[in-house]
Every structure is written in C-alpha cells, then in structure tokens.
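Quick note: residue numbers are just sequence positions, from 1. Model, not experiment: these values are computed from the prediction.
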Amino acid sequence: ALRDEAFDVVHLHEPLVPGPCQTTLLLRPAPLIGTFHAAGESFAYKYLRPPLRWAARRLDLRCVVSADAEELARTHLGGEYIELFNGIEVDHFRVADAWPTEGPTVFFVGRHEPRKGLGVLLEAMAMLPAEVQLWVAGDGPETADLQARFGNDNRIAWLGRIGDAEKAARLRGAHAFCAPSLRGESFGVELLEGMAAGTPVVASDLPGYRNVARAGVDAQLVEPGDPVALAAALRVALAGEAGAQVQCGTERADEFSMDNLARRYVELYERIR
C-alpha cells in the first residue's frame with residue numbers, strides 16, 4: 001500500500017509499535033511524522049533503547065499528546081517534540097440524543113483492567129443512595145472477577161462493548177461521567193467527551209487528566225484509589241451542584257476540537273513534505 005499510493009506524508013501514531021508502524025519506519029517511503037501517546041513507564045523503551053532510538057531518528061517530526069508523553073519519549077528516545085493535544089468531534093457528543101434513564105445515573109466506559117480503576121468506582125457505589133444507577137461499558141481481564149464481586153448489585157448495568165453512537169447517547173443521558181483511573185493516562189480524551197456532552201465529570205487527579213480538566217473548574221478531580229472521596233464527588237455531581245463546572249467543561253471541550261487539531265497537523269505536513 002505504501003508503494004502503490006505514493007503518499008506525500010505518512011503519519012504514524014505510536015510509531016515504534018511492531019507491525020505496520022515499524023515497517024513504515026524501516027521502508028521510509030515518504031516524509032514521516034510520528035505522534036507518541038504513551039505515558040508512565042515502558043519496558044520496551046527501557047530495555048530496547050538503542051534500536052528504538054535508531055528507529056525514532058527516521059522520523060522527520062515527532063509529536064506528543066501531553067507533557068507526560070513527552071517526558072517518557074524524551075527520557076528513553078531523546079530528540080525534540082511538538083506537543084499537540086488529542087482532538088474530539090465535539091458536535092458528535094453535543095447533539096446526540098440523550099439515552100433515557102430511570103434515576104440518577106453514573107456512566108463508566110473503558111477497558112476492565114486494574115489501571116482503569118473500575119473496582120474503585122464499584123466500591124464507591126455502595127456508599128451512594130439506593131436510587132443511583134451505574135452503566136458499565138466495555139470489558140477486559142477484570143470483567144469476570146468484578147461481576148462476581150459486585151454482580152448482586154442490581155443497580156449496575158453491565159453493557160459490554162458498545163458502539164460510538166450509543167456511547168455518545170449514554171454520555172448525554174448520564175447525570176455524571178466517571179473516570180476513576182489509577183495511573184498510566186497520558187491524556188483525558190474521555191473527559192473531553194463527557195464535557196462536550198454537557199455531563200458533569202468526576203475523575204481521578206492524575207497528571208494526564210489535568211492536561212484537559214482543571215480541578216474544580218471543568219471537573220471534580222479526586223485522589224486515585226479512594227472510593228470514599230469518589231463517592232463524595234459523585235454525590236455532588238448527581239445532586240445537580242456542578243452547573244458552573246459543566247459550562248466551563250463545555251467551553252474547554254471546544255478548545256480541543258478535531259477541527260483545531262487538524263489545522264495544526266496540516267501546518268506540520270506542509271513543513272515536511
């Protein structure tokens with residue numbers, strides 16, 4: 001495909017991932033721009049540093065989605081980076097038809113793995129009023145264990161994987177969106193989606209989430225792994241006391257629109273072609 005299409009520029013996301021990205025780096029059929037997303041720790045970067053540094057030098061430009069992603073990449077790969085946020089299709093979430101609810105409802109969507117903190121949210125549910133409902137979308141290695149532990153709570157709806165349209169509708173319909181991650185988040189796309197939908201956002205106070213959500217302004221950010229603090233913040237959101245934050249969050253989401261991001265990337269494509 002790279003030969004047949006004769007691209008003017010090739011844009012690789014996580015350019016060092018084995019498969020199509022590494023193949024493109026090796027072939028280098030056109031000027032290359034790479035965007036790095038990962039944050040935190042990377043065993044591959046740590047133990048394969050020399051060959052990965054060589055591969056990264058084949059990029060004409062390197063971008064990162066956040067300061068945390070830049071710290072990881074610069075530490076192990078060296079080089080210079082341009083910080084460009086992730087973008088979202090704001091209108092997709094703003095104009096979606098709200099999914100109907102039967103009472104105060106919290107929405108979680110994500111992979112069911114330890115770092116996403118779903119277990120913390122499920123513990124927090126035990127501290128919320130009996131009428132509060134929880135929609136849990138997604139699946140993963142923790143699904144079976146969490147369902148075994150919390151499956152007797154009939155307030156929890158286990159949705160499995162859902163499509164983009166349903167996700168947008170449930171974001172619009174929910175009374176609070178919760179992202180209780182524990183670590184490893186370089187950027188808060190899901191927080192932006194909740195803001196764009198006009199839904200109060202409650203999330204963990206992580207560096208990656210603070211890239212998009214200003215604590216107490218756009219969202220409530222609480223200590224990661226603390227179900228008591230999470231439950232308290234959700235009570236505020238569900239009580240309708242986060243109106244000012246919702247307004248600020250809506251305006252904040254506009255700053256991260258896909259249109260703005262596209263314009264920035266086009267400028268970089270023109271620079272290297």
Same cluster for L72 and V189 if Ile/Leu/Val/Met/Phe/Trp/Tyr side chains link at under 4.5 Å? no

Donor-acceptor pair, distance only, cut-off 3.5 Å: does the side chain of E14 make one with the backbone of A38? yes

Looking only at heavy atoms, the pair that brings A44 and L52 closest together is O-CD1, 3.5 Å

Evaluate the ring planes of Y47 and F43, with Trp represented by its six-membered ring, and classify them as parallel (under 30°), tilted (30 to 60°) or perpendicular (over 60°). parallel

Under the criterion side chain to side chain contact (heavy atoms under 4.5 Å, CB included), which of L59, L2, D60 is the partner of R28? D60

If hydrophobic clusters are built from ILVMFWY residues whose side chains come within less than 4.5 Å, do V90 and L84 share one? yes

Judged by modelled atom types alone, do T35 and Y265 share a side-chain donor-acceptor pair under 3.5 Å? yes

Taking the ring centre of each residue, are H11 and Y269 less than 6.0 Å apart? yes

Short question: side chain of N211, backbone of G208 - any donor-acceptor pair under 3.5 Å? yes

pair M127-V228: side-chain heavy atoms closer than 4.5 Å: yes

Might you point out which heavy atoms bring W135 and A174 nearest each other, and give the distance in Å? CZ3-N, 4.0 Å

Do R263 and E267 meet the salt-bridge criterion of a basic N to acidic O distance under 4.0 Å? no

Parallel, tilted or perpendicular: ring planes of F36 versus Y81, cut at 30 and 60 degrees: perpendicular

What verdict does the side-chain contact (heavy atoms from CB on, under 4.5 Å) test give for M125 and F150, after you've listed the backbone C-alpha separation in whole Å, the side-chain angles of each residue and the deciding distance to 0.1 Å? CA-CA 10 Å; M125 274 293 291; F150 299 98; over 6 Å; no

Full working for side-chain contact (heavy atoms from CB on, under 4.5 Å) between V109 and F177: CA-CA 9 Å; V109 59; F177 172 69; 3.8 Å; yes

To the nearest 0.5 Å, what is the distance between CG on L171 and CD on E166? 11.0 Å

Mind checking whether P50 and R53 have side chains closer than 4.5 Å, heavy atoms only? no

Cationic N near anionic O, under 4.0 Å, R94 to D254: yes

Using a 4.5 Å cut-off on heavy atoms from C-beta on, say whether the side chain of Y45 contacts that of L16. yes

On a heavy-atom basis, the closest approach of L230 and C178 is CD1-SG, 3.7 Å

Take M195 and E251 through the test side-chain contact (heavy atoms from CB on, under 4.5 Å) and record every step on the way to the result. CA-CA 8 Å; M195 294 175 192; E251 295 170 358; over 6 Å; no

Here the gap from E255 atom CD to L261 atom CG, rounded to the nearest 0.5 Å, amounts to 13.5 Å

P114 versus R183: any side-chain heavy-atom pair under 4.5 Å? yes

Once rounded to the nearest 0.5 Å, what's the spacing between atom CZ of R252 and atom CZ of R214? 4.5 Å

Taking V202's backbone N and O only, do any of them form a donor-acceptor pair with Q220's side chain (distance below 3.5 Å, no angle check)? no

Heavy atoms, side chains only, cut-off 4.5 Å: are I88 and S257 in contact? no

Quick one: are I33 and L12 in side-chain contact, heavy atoms under 4.5 Å? no

E113 with K116: basic N within carboxylate O range, under 4.0 Å: no

Check for me, please, whether I82 and F256 land in the same ILVMFWY cluster - side-chain distances under 4.5 Å, paths through other members count. yes

Check whether H175 reaches the backbone of T105 with its side chain - one donor and one acceptor, N or O, closer than 3.5 Å. yes

Minimal heavy-atom distance between P227 and G225, with the atoms involved, is CD-O, 3.2 Å

Rounded to the nearest 0.5 Å, what's the gap from CD on E193 to CZ on F93? Could you check? 3.5 Å

Only one of D8, L61, V10, I272 passes side chain to side chain contact (heavy atoms under 4.5 Å, CB included) with P31; say which it is. I272

Looking at CG of L121 and CD1 of I156, how far apart are the two atoms once the value is rounded to the nearest 0.5 Å? 8.0 Å

Does a sphere of radius 6.0 Å around CG in D145 hold more than 12 heavy atoms from other residues, nucleotides or ligands, not counting ones at 6.0 Å or beyond? yes

Please determine if D97 and R172 form a salt bridge, counting it only when a charged side-chain N lies under 4.0 Å from a carboxylate O. no

So which atom in R210 and which in L221 form the shortest heavy-atom distance, rounded to 0.1 Å? CG-CD1, 3.8 Å

For R273, I'd like to know if atom CZ has over 12 heavy atoms of other residues, nucleotides or ligands within 6.0 Å. no

Which heavy atom in A169 sits nearest to a heavy atom in A96, and how many Å separate them? N-CB, 4.1 Å

Run the salt-bridge test on E131 and R155 with the 4.0 Å N-O cut-off and return the result as yes or no. no

Is a salt bridge present between E80 and R74, judged by a nitrogen-to-oxygen distance below 4.0 Å? yes

Hydrophobic clusters here meaning ILVMFWY residues chained together by side-chain heavy-atom distances under 4.5 Å, can you tell me if V106 and L146 are in one? yes

Can D259 and R264 be counted as an ion pair, charged N to O under 4.0 angstrom? no

Say you draw a straight line from CD of Q133 to CG of L128; how long is it, rounded to the nearest 0.5 Å? 11.5 Å

Is a donor on one side and an acceptor on the other found under 3.5 Å between the side chain of H37 and the backbone of H13? no

Treating Ile, Leu, Val, Met, Phe, Trp and Tyr as nodes and any side-chain heavy-atom pair under 4.5 angstrom as an edge, say whether V120 and F108 lie in one connected cluster. yes

Could you tell me if Y209 and S181 have a donor-acceptor pair between their side chains, going purely by distance under 3.5 Å? yes

Steps toward side-chain contact (heavy atoms from CB on, under 4.5 Å) verdict (T143, L118): CA-CA 10 Å; T143 303; L118 175 56; over 6 Å; no

Report yes if the side chains of T24 and L27 come closer than 4.5 Å at any heavy-atom pair, otherwise no. no

Do R149 and E142 come within less than 4.5 Å of each other through their side chains, counting heavy atoms only? no

